[in-house]
Student: 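The following block contains the structure, expressed as structure tokens.
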Amino acid sequence: MKVFFRIVCAVCVICAVVACSDEKAFHIGVSQCGAGQWRDKVNNEMLAAQHLYEHDVKISIACAHDNSQRQIEQIDSLVASGIDLLVVAPNEAAAIDEAIRRAKQKDIPVIFFDRKTETEDYTAFIGGSNVVAGEACGVYALLLAQQVKGHKPVILEVTGAMSTSPAQERHRGFAQAMKGHDEVNYLSENGDWMEEETRRIVKKLLKEGPRPDIVFCHNDGMAEDGYNVVVEDSSFIPKIIGIDGLPGEGIAYVQQGHQAGTYIYPTHGEKIVRLALDILTGKPYERENTLQGMMVTPENVGIVDLNSRELMKQNHDLITIQDKLENSLVLYDTQKKMLIACLVCIAVLVIAGILGWRAWWQTKKAIRQRQTMNEEQTLFYTDPSTRKLHDIFDKPQGDLPPPRSQDVLFAEQLNEAIRKNMSNPNLKMEELGEELGLGRVQLYRKVKAITGQTPVELLRQMRLQRAYALLGSTTKTVAEVAFEVGFNTPGYFSKCFKEQYGKLPMDLRDSTNQTL
């Protein structure tokens with residue numbers, strides 16, 4: 001049965017190794033600061049890239065919906081789930097710094113996407129340059145201002161929440177473009193990313209002045225709300241510029257004439273996955289990765305819209321393929337596990353059959369031997385020619401030796417086993433017990449009960465007794481005697497000998513020589 005058990009275990013281990021040999025899929029957690037079409041596009045690009053590269057990844061996305069406390073909780077939850085890498089688009093610059101530090105303390109790489117926080121404790125950054133985006137919009141706004149005749153052009157900037165890094169950087173880039181251009185009147189108002197606030201600011205300036213000729217909003221959603229305000233006053237419609245440049249939003253607004261331009265702020269979710277894999281697999285990577293955007297104007301909006309829609313359609317098709325692939329992989333994994341289980345069962349059945357046949361054959365062989373012995377015994381007792389031999393063995397009970405106790409028999413067997421193995425310095429109690437048919441614990445209890453000593457103590461005592469006899473009856477050196485009775489070193493032998501007999505081995509030999 002032991003052989004059978006070992007074989008079954010070996011088969012199971014081999015099958016488990018085969019089942020677990022699939023390459024690990026890296027788990028990437030994504031914390032988005034908010035929702036919207038632009039961030040949906042990023043998410044879809046990352047999901048589509050899960051099986052795009054040489055290593056598979058699993059993307060888990062959480063959205064904080066512009067709530068910093070919720071984003072902190074989501075980051076902690078993603079870290080606790082066992083992710084390999086964290087991608088974060090921070091809601092606010094400073095609020096989530098502690099959550100980022102906790103992730104880094106657990107050796108989880110952190111990639112900032114689109115936005116940064118005040119901490120430098122991150123692995124890499126990837127995203128468009130908000131400073132470049134703001135500056136590009138500023139240059140375009142100045143170009144539009146040249147078309148204003150009859151008065152000094154007024155350029156209005158409606159910013160996002162200035163507690164966020166995109167708003168700060170877009171404002172800095174736009175202000176840099178305005179610097180030194182005294183021919184325009186540059187105004188800046190905080191719109192806090194809120195469409196209602198944008199409406200309020202634009203409506204106030206249209207009513208109270210100065211009326212803006214160009215309005216730059218930090219995203220296309222704010223820009224569209226600004227347009228909805230100005231169309232109510234049909235006598236004056238300023239040029240409106242936004243940022244994001246998505247099909248169906250900014251690009252469509254330019255095509256419809258609602259906006260004079262929009263800046264395509266790049267997404268490239270597939271590049272985020274590529275950067276994450278480079279970090280996780282130890283490949284070289286850049287800590288700062290800037291994605292390039294472009295300005296969309298009425299002159300190039302047609303070709304840009306065509307390309308953008310085609311890319312989004314291809315991305316949607318790729319996600320559909322990915323979903324089907326995921327389902328196929330789950331089915332494949334299930335079938336593979338079932339196949340392995342069947343192979344294990346077949347292997348176990350084959351082994352059981354072989355062992356069963358072997359047991360049957362051995363039983364049959366034993367039966368034949370027993371029958372042969374019975375026949376020989378019957379012949380031995382019944383054949384007249386062997387009667388005298390039978391009488392020799394058939395002694396009266398009074399001639400048999402007296403019975404001995406089990407403890408005496410065990411002591412004799414133990415004594416014989418120790419003497420036979422005494423010279424082995426590496427003798428273990430398990431080996432001694434196996435020779436006597438006992439386990440280690442059983443041997444300990446039996447020897448302790450009979451002799452009052454542990455097996456180790458008894459073994460050492462018998463070795464020293466044997467050494468005492470050899471020192472007194474042979475000319476062997478102390479070292480030779482020590483090795484013969486199973487001590488590894490003469491020094492340790494001399495120490496044990498003195499503890500047992502109160503004298504060193506050489507002292508015993510000297511005293512023996514003096515007596516002679």
Student: If you count the non-hydrogen atoms of other residues, nucleotides and ligands that lie under 6.0 Å from NZ in Lys58, is the total more than 12?
Tutor: no
Student: Between Arg102 and Asp76, does at least one N-O distance fall below 4.0 Å, as a salt bridge requires?
Tutor: yes
Student: Taking atom types as modelled, is there a side-chain donor on Asp220 or Gln259 under 3.5 Å from an acceptor on the other?
Tutor: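 On atom types as modelled, these side chains qualify, holding a pair under 3.5 Å.
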Student: Can you find a pair of side-chain heavy atoms, one from Met178 and one from Leu142, that are under 4.5 Å apart?
Tutor: yes
Student: Show the numbers, then the answer: is there a side-chain contact (heavy atoms from CB on, under 4.5 Å) between Val348 and Val350?
Tutor: CA-CA 5 Å; Val348 170; Val350 170; over 6 Å; no
Student: Does the ring-ring contact (aromatic ring centres under 6.0 Å, His included) test come out yes or no for Tyr227 and Tyr253, once each step is laid out?
Tutor: CA-CA 10 Å; Tyr227 172 79; Tyr253 300 154; 8.4 Å; no
Student: With a 4.0 Å cut-off, would you call Glu73 and Arg70 a salt bridge?
Tutor: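 Salt bridge: no.
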Student: On a heavy-atom basis, which atom in Leu205 and which in Pro212 lie closest, and how many Å separate them?
Tutor: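 Looks like CB-CD, 4.1 Å.
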Student: Counting only N and O atoms by type, is there a donor-acceptor contact under 3.5 Å from the side chain of Gln255 to the main-chain atoms of Gly250?
Tutor: no
Student: Decide, yes or no, whether a salt bridge links Arg199 with Glu224 under the criterion of side-chain N to carboxylate O below 4.0 Å.
Tutor: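 Salt bridge flag = no for Glu224 with Arg199.
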Student: In plain terms, say whether Glu98 and Arg101 are close enough for a salt bridge, that is, a side-chain N and a carboxylate O under 4.0 Å apart.
Tutor: yes
Student: Strictly distance-based, threshold 3.5 Å: is any side-chain N or O of Glu45 a donor or acceptor partner for the main-chain N or O of Gly269?
Tutor: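 Yes, the answer is positive, given that a donor and an acceptor are paired below the 3.5 Å cut-off.
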Student: Working note: Arg274 + Glu54, criterion salt bridge (charged side-chain N to carboxylate O under 4.0 Å, His left out); need CA distance, chi angles, decisive distance, verdict.
Tutor: CA-CA 10 Å; Arg274 175 71 272 173; Glu54 68 275 12; 3.0 Å; yes
Student: So do the side chains of Ile251 and Val301 get within less than 4.5 Å of each other, counting heavy atoms only?
Tutor: yes
Student: With Arg170 as the cation and Tyr265 as the aromatic partner, state whether NZ or CZ is under 6.0 Å from the six-membered ring centre and within 45° of the axis.
Tutor: yes
Student: Are Ile28 and Asp84 packed together at the side-chain level, in the sense that at least one heavy-atom pair is separated by less than 4.5 angstrom?
Tutor: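 A side-chain contact under 4.5 Å is absent here.
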Student: Under 3.5 Å, is there a donor-acceptor pair between the His151 and Asp213 side chains?
Tutor: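 Asp213 and His151 do have a side-chain donor-acceptor pair below 3.5 Å.
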Student: So do Val215 and Ile241 actually touch side chain to side chain, heavy atoms under 4.5 Å?
Tutor: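 Of all side-chain heavy-atom pairs linking Val215 with Ile241, none is under 4.5 Å.
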Student: Are side-chain heavy atoms of Phe26 and His55 found at a separation under 4.5 Å?
Tutor: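 Yes. Closest side-chain heavy atoms under 4.5 Å.
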Student: Decide side-chain contact (heavy atoms from CB on, under 4.5 Å) for Leu156 and Ile201; before the verdict, give the C-alpha distance in whole Å, the side-chain angles of both, and the deciding distance to 0.1 Å.
Tutor: CA-CA 10 Å; Leu156 169 65; Ile201 292 170; 4.3 Å; yes
Student: Please determine which of Thr164, Thr198, Asn219 meets the side chain to side chain donor-acceptor pair (under 3.5 Å) test together with Trp193.
Tutor: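 So the option named by the test is Thr164.
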Student: Assess, by modelled atom type and distance only, whether the side chains of His51 and Asp56 contain a donor and an acceptor separated by less than 3.5 Å.
Tutor: yes
Student: Under the criterion side-chain contact (heavy atoms from CB on, under 4.5 Å), I'd like the reasoning laid out for Leu246 against Lys41: C-alpha separation, chi angles, the key distance, then a yes or no.
Tutor: CA-CA 9 Å; Leu246 293 173; Lys41 184 172 182 288; 3.5 Å; yes
Student: Ignoring hydrogens, what is the shortest heavy-atom contact between Pro109 and Ile279? Give both atom names and the distance.
Tutor: CB-CG2, 3.8 Å
Student: Does any N or O in the side chain of Asp192 come within less than 3.5 Å of the main-chain N or O of Met194, such that one atom is a donor and the other an acceptor?
Tutor: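 Not at all, since once roles are kept as given, no pair shorter than 3.5 Å links the two residues.
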Student: Provide the closest heavy-atom pair for Gly261 versus Tyr140 in the form atom of the first, atom of the second, distance.
Tutor: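 Looking at all heavy atoms of both residues, the shortest contact is CA-CE2, 4.0 Å.
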Student: Calculate, to the nearest 0.5 Å, the distance between atoms OG1 and CG belonging to Thr267 and Asp40 respectively.
Tutor: 11.5 Å
Student: When you check the gap from the basic side-chain N to the acidic O, do Lys116 and Glu288 get nearer than 4.0 Å?
Tutor: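 Salt bridge flag = yes for Glu288 with Lys116.
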Student: May I have the step-by-step check of salt bridge (charged side-chain N to carboxylate O under 4.0 Å, His left out) for Arg200 and Glu196, ending in yes or no?
Tutor: CA-CA 6 Å; Arg200 185 193 67 78; Glu196 296 83 357; over 6 Å; no
Student: Considering non-hydrogen atoms only, spot the tightest contact between Asp114 and Asn130 and give its length.
Tutor: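 Of all heavy-atom pairs spanning Asp114 and Asn130, the closest is O-ND2, 3.5 Å.
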Student: When you measure from the side chain of Gln37 to the backbone N and O of Pro247, does any donor-acceptor pair fall under 3.5 Å?
Tutor: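 At least one qualifying donor-acceptor pair exists.
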Student: Taking C-beta and beyond as the side chain, do Val230 and Leu206 meet within less than 4.5 Å on heavy atoms?
Tutor: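 Touching, per the 4.5 Å side-chain cut-off.
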Student: Determine whether the side chains of Glu157 and His218 contain a donor N or O and an acceptor N or O closer than 3.5 Å.
Tutor: yes
Student: I need the minimum non-hydrogen distance between Val139 and Ala177, along with the two atoms involved.
Tutor: N-CB, 3.9 Å
Student: Give a yes or no on this: more than 12 heavy atoms of other residues, nucleotides or ligands lie within 6.0 Å of atom CD of Glu434.
Tutor: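 No, the 6.0 Å shell around CD holds no more than 12 heavy atoms from other groups.
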Student: Looking at Lys152 and Asp182, would you say the former's side chain and the latter's main chain have a donor-acceptor pair under 3.5 Å?
Tutor: yes
Student: Is there side-chain contact between Val110 and Lys104, with heavy atoms separated by less than 4.5 Å?
Tutor: yes
Student: Is there a donor-acceptor contact under 3.5 Å linking the side chains of His268 and Glu270?
Tutor: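 Their side chains do contain a donor-acceptor pair, which is all the 3.5 Å distance test asks for.
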Student: Looking only at non-hydrogen atoms, find the nearest pair between Ala133 and Tyr263 and report the distance.
Tutor: CB-CE2, 3.4 Å
Student: For Phe174 and Tyr186, take the angle between the two ring planes, folded into 0 to 90°, and tell me which bin it lands in: parallel under 30, tilted 30 to 60, perpendicular over 60.
Tutor: tilted
Student: Return the CG to CG distance between Asn421 and Leu432, rounded to the nearest 0.5 Å.
Tutor: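 Going from CG on Asn421 over to CG on Leu432, the span is 6.5 Å.
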Student: Assess the residue pair Leu459 and Met429 against the criterion (side-chain contact (heavy atoms from CB on, under 4.5 Å)); give the C-alpha distance rounded to whole Å, side-chain angles, the decisive distance to 0.1 Å, and a yes or no.
Tutor: CA-CA 10 Å; Leu459 174 60; Met429 292 303 105; 3.8 Å; yes
Student: Flag yes if more than 12 heavy atoms outside Glu286 fall under 6.0 Å of its CD atom; otherwise flag no.
Tutor: no
Student: Can you classify the ring geometry of Trp38 versus Phe113 as parallel (below 30°), tilted (30 to 60°) or perpendicular (above 60°)?
Tutor: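 Parallel.
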Student: Checking Arg287 against Phe125: charged group under 6.0 Å from the ring centre and within 45 degrees of the axis?
Tutor: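 Arg287 over Phe125 ring: no.
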Student: Indicate yes or no: at least one non-hydrogen side-chain atom of Thr290 is less than 4.5 angstrom from one of Gln292.
Tutor: yes
